[in-house]
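Let me begin by presenting the structure, written as structure tokens, before commenting on it.
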Amino acid sequence: MDILVIKISTEANIMLEWLTIWGVTQAAGFIFKPILEDLAKDAAKDWAKDLLKGIPGKIFQKLKKEDIEIAAGKALKEFLQLMQQQLKARCKLAETEIKEYTTDIQKFISDKPVIEILGKAFDINCESLDAKTLEDSWNRLQLKPLPFKFKWQSITEQYLTQVQELLLDSKDLYHILELQKLSDIEINTKEIAGVVPEFNLVKYQEGIRERYGNLKLDSLDTSGYAYNELKLWRIFTAQNVREAHQVLPQVHELPKEHLRRLRESDQVEAEVELEDLERHKRVYFEQPIRSVLDVVNKKQDYKYIVILGDPGSGKSTLLQFLALNWAESPLNNVILLPIPLLIELRTYMRGREDKECNNFLEFFHQCSGAVHHLNQLELDKQLKAGNVLVMFDGLDEVFDPGKREDVITDIHRFTNDYPDVQVIVTSRIIGYKPQRLLNAEFRHFILQDLDSEQIQDFIYRWHELTFTDAVDKVRKRERLQRGIEASKSIAELAGNPLLLTMMAILNRNQELPRMITTMCEMQQSKN
């Protein structure tokens with residue numbers, strides 16, 4: 001019995017010691033104190049280590065166990081106080097109402113994606129935290145709904161500032177800041193000396209999110225409305241595809257003028273060509289329709305893929321989504337997923353012409369157009385192990401026929417050098433010549449127009465994400481839906497993701513008939 005009392009007393013003293021170090025005992029009126037009391041009972045748990053993994057790995061390895069526990073506890077105390085302030089001062093909740101969130105907040109700060117975001121505040125190079133992912137995580141965990149006035153963005157901005165101030169002002173934590181400064185100096189010195197870049201997948205993830213995370217709609221919307229927070233991740237719709245065994249542009253859709261000339265011609269060759277094309281078209285439409293993601297995710301069946309589609313059909317968006325799918329994954333899952341290398345071929349060719357690179361590995365190693373530089377020796381190891389998904393976007397955007405043939409040769413050579421790597425190529429249908437990639441065992445798929453269910457899903461999510469006024473949101477959404485349903489020709493246009501997006505943008509200020517006229521004028525001006 002005495003031993004038990006001593007043990008309980010010792011644990012209580014340890015807990016009190018940690019609460020004092022973290023500044024909890026000095027915080028008057030701190031409602032969420034029980035959360036930190038639970039953590040203080042065993043401060044060596046993984047939550048503290050996980051939180052500080054937001055700083056560079058080399059720095060983390062140099063930290064002592066006490067450094068990690070002090071920093072993690074102080075940071076969480078600041079975060080919990082900010083949540084309490086929001087609920088009390090901004091949302092005007094009573095203390096009893098705030099206490100009702102205690103259990104949910106405890107679950108929230110134990111979630112891995114949440115821990116990763118909170119930990120990034122310890123990186124002195126971090127400029128902002130992902131408030132949207134925190135909000136999405138709260139909803140994903142199905143926690144008690146937060147008041148309407150609760151603002152995650154405000155919390156992340158204040159939290160980042162306070163953690164950085166902790167590093168500056170605390171004698172216990174200042175050396176964490178010093179280690180990072182020394183590391184930055186070392187990296188800069190190596191760069192000046194011409195030392196090769198590191199293979200930093202965390203920075204590569206950040207680069208992908210910065211390059212592709214937000215939809216770029218400035219050229220489509222000239223009204224001045226800002227879509228800065230509209231994430232591709234949240235609006236992407238996975239299209240369907242059909243496999244094309246005989247890849248000819250006319251198999252998908254014969255140009256009307258070409259079809260008319262063939263039918264009016266008296267030449268036997270023209271009749272034979274028309275019959276042949278119609279046969280190929282019939283075979284093509286007999287192929288099953290499947291989700292493009294189902295095809296991409298079956299590497300064992302579809303190792304080499306060409307995705308074909310019309311302008312605006314979503315080819316580039318698909319590849320960007322695949323890259324973001326990896327970049328948005330928790331760090332502990334990243335090592336289990338193939339590293340996506342997205343190469344925009346027009347950018348790659350510009351790098352070659354400017355003598356910045358001679359091949360795809362050099363492009364990622366040193367070319368200014370790369371999302372983030374990755375050491376080519378390490379990249380070569382990953383490619384040989386098959387741990388990479390390589391995506392070549394926009395073969396049709398290499399306009400010079402000779403240079404396009406050079407790119408195809410490079411792709412073919414690449415698949416020979418790295419036979420275990422999955423490769424995806426995209427191109428417009430018109431003008432595409434399939435034979436060389438067919439010879440390299442690439443299978444060809446054509447993107448299908450969005451079906452009615454996909455169109456409705458896009459419209460619903462678009463208005464949910466871009467409208468704040470509930471009444472206006474419903475009214476504009478229903479107006480667009482009615483306009484599309486009322487006209488077969490407009491419904492056909494809406495099957496193209498780019499045109500549907502233009503409709504959704506213009507629908508904010510225009511009725512559908514006038515909107516279509518505006519779209520036609522925009523298209524003519526581009527041509």
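- When only modelled atom types and interatomic distance are considered, Asn240 and Arg290 share no side-chain donor-acceptor pair under 3.5 Å.
- The backbone N or O of Leu337 sits nowhere less than 3.5 Å from a side-chain atom of Asn387 that would complete a donor-acceptor pair.
- With rounding to the nearest 0.5 Å, the separation of CZ in Arg479 from CG in Asp472 is 8.5 Å.
- In this structure, His463 and Phe467 have parallel ring planes: the angle between them is below the 30° cut-off, well short of the 60° mark.
- Between Ser137 and Thr133, some side-chain heavy-atom pair lies under the 4.5 Å cut-off.
- Remark: the Gln239 side chain and the Gln454 side chain contain no N/O donor-acceptor pair separated by less than 3.5 Å.
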Please step through salt bridge (Lys or Arg N to Asp or Glu O under 4.0 Å) for the pair Glu135 and Lys132, ending with a clear verdict.
-> CA-CA 5 Å; Glu135 181 180 359; Lys132 191 59 187 172; 3.4 Å; yes

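- Ala131 approaches Gln153 most closely through the heavy-atom pair CB-OE1, 3.4 Å.
- Relative orientation of the Trp326 and Tyr204 rings is tilted, given thresholds of 30° and 60° on the angle between their planes.
- Environment of NZ in Lys88: sparse, with no more than 12 heavy atoms of neighbouring residues, nucleotides or ligands closer than 6.0 Å.
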For Leu232 and Asn214, run side-chain contact (heavy atoms from CB on, under 4.5 Å): C-alpha distance rounded to whole Å, both residues' side-chain angles, the deciding distance at 0.1 Å, then the answer.
-> CA-CA 6 Å; Leu232 183 150; Asn214 293 332; over 6 Å; no

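- For Leu493 against Leu499, the heavy-atom pair with the smallest separation is O-CB, 3.5 Å.
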Just do the side-chain contact (heavy atoms from CB on, under 4.5 Å) check on His365 and His373 with the steps written out, would you?
-> CA-CA 5 Å; His365 183 83; His373 289 159; over 6 Å; no

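- To the nearest 0.5 Å, the span separating CZ on Phe458 from OG1 on Thr501 amounts to 3.5 Å.
- The two residues Pro340 and Met391 make their nearest non-hydrogen contact at CB-CE, 3.8 Å.
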Steps toward salt bridge (Lys or Arg N to Asp or Glu O under 4.0 Å) verdict (Asp111, Arg140) | CA-CA 10 Å; Asp111 186 58; Arg140 171 175 52 80; 2.6 Å; yes

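- Ile155 CD1 to Leu82 CG: the interatomic distance, rounded to the nearest 0.5 Å, is 6.0 Å.
- A distance-only check finds a donor-acceptor pair linking the side chain of Arg209 to the backbone of Ala327 [under 3.5 Å].
- The nearest pair of heavy atoms linking Leu87 to Pro147 is CD2-CD, 3.9 Å.
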Yes or no on ring pair (Phe, Tyr, Trp, His ring centres under 6.0 Å) for Phe392 and Tyr348, after CA distance, side-chain angles and deciding distance?
-> CA-CA 10 Å; Phe392 300 104; Tyr348 167 70; 7.9 Å; no

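- Atom-to-atom distance recorded for Glu206:CD and Asp130:CG is 11.0 Å, nearest 0.5 angstrom.
- At least one donor-acceptor pair under 3.5 Å links the side chain of Arg508 to the backbone N or O of Thr466.
- Contact annotation: the side chain of Leu134 never approaches that of Leu129 to less than 4.5 Å [non-hydrogen atoms, C-beta and beyond].
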Determine, stepwise, if the pair Leu324 / Phe236 fulfils side-chain contact (heavy atoms from CB on, under 4.5 Å).
-> CA-CA 11 Å; Leu324 283 166; Phe236 174 77; over 6 Å; no

Between Ile339 and Leu389, is a side-chain contact (heavy atoms from CB on, under 4.5 Å) present by the stated rule, with each step listed?
-> CA-CA 6 Å; Ile339 302 166; Leu389 168 64; over 6 Å; no

Audit row: Glu78, Lys74, salt bridge (Lys or Arg N to Asp or Glu O under 4.0 Å) steps and yes/no = CA-CA 6 Å; Glu78 296 295 337; Lys74 286 190 173 185; over 6 Å; no

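- Here Gln81 contributes atom CD and Leu36 contributes atom CG; the two are 9.5 Å apart, rounded to the nearest 0.5 Å.
- When side chains are defined from C-beta on, Leu374 does not count as touching Asn200, because their heavy atoms never get closer than 4.5 Å.
- Counting only distance, with no hydrogens or angles, the side chain of Asp104 and the backbone of Leu143 share no donor-acceptor pair below 3.5 Å.
- Formation of a donor-acceptor pair under 3.5 Å by the Thr347 side chain with backbone atoms of Ile343 is not found in this model.
- Under the 4.5 Å side-chain criterion, counting only non-hydrogen atoms from C-beta, Trp152 is in contact with Leu146.
- Listed for the Tyr212 side chain is no donor-acceptor partner under 3.5 Å among the backbone atoms of Gly207.
- Salt bridge annotation for Lys298-Asp294: absent, with no cationic side-chain nitrogen under 4.0 angstrom from a carboxylate oxygen.
- With respect to Lys120 and Glu116, no salt bridge is recorded, no charged nitrogen being found less than 4.0 Å from a carboxylate O.
- For the pair Val371 and Leu342, the minimum side-chain heavy-atom distance is 4.5 Å or more.
- Of the possible donor and acceptor atoms, one in the side chain of Thr426 sits under 3.5 Å from a partner among the backbone N and O of Gly394.
- Here the side chains of Asp457 and Glu453 are not in contact, with every heavy-atom distance at 4.5 Å or above.
- Side chains of Gln158 and Gln162: a donor-acceptor N/O pair is absent below 3.5 angstrom, by distance only.
- Met83 has its side chain out of reach of Gln86: every pair of non-hydrogen atoms, C-beta onward, lies at least 4.5 Å apart.
- The side-chain tip of Lys151 points at the ring of Phe148 from less than 6.0 angstrom away and within 45° of straight on.
- Judged purely by atom type and a 3.5 angstrom limit, Tyr159 uses its side chain to pair as donor or acceptor with the backbone of Leu118.
- Distance alone, capped at 3.5 Å, is enough to place a donor-acceptor pair between the Gln422 side chain and the Tyr302 backbone.
- In Lys473, the NZ atom is crowded: over 12 heavy atoms of neighbouring residues, nucleotides or ligands sit closer than 6.0 Å.
- For the pair Ile484 and Leu480, the minimum side-chain heavy-atom distance is below 4.5 Å.
- The shortest non-hydrogen separation linking Gly314 to Pro497 is N-CG, 4.5 Å.
- With rounding to the nearest 0.5 angstrom, the CD atom of Glu478 is 11.5 Å from the CD1 atom of Ile459.
- With no hydrogens or angles considered, a side-chain donor-acceptor pair links Glu378 and Gln382 at under 3.5 Å.
- Between the side chain of Arg90 and the backbone N or O of Phe150 there is no donor-acceptor pair closer than 3.5 Å.
- What you find for Leu447 and Ile307 is that their closest heavy atoms are CG-CG2, 3.7 Å.
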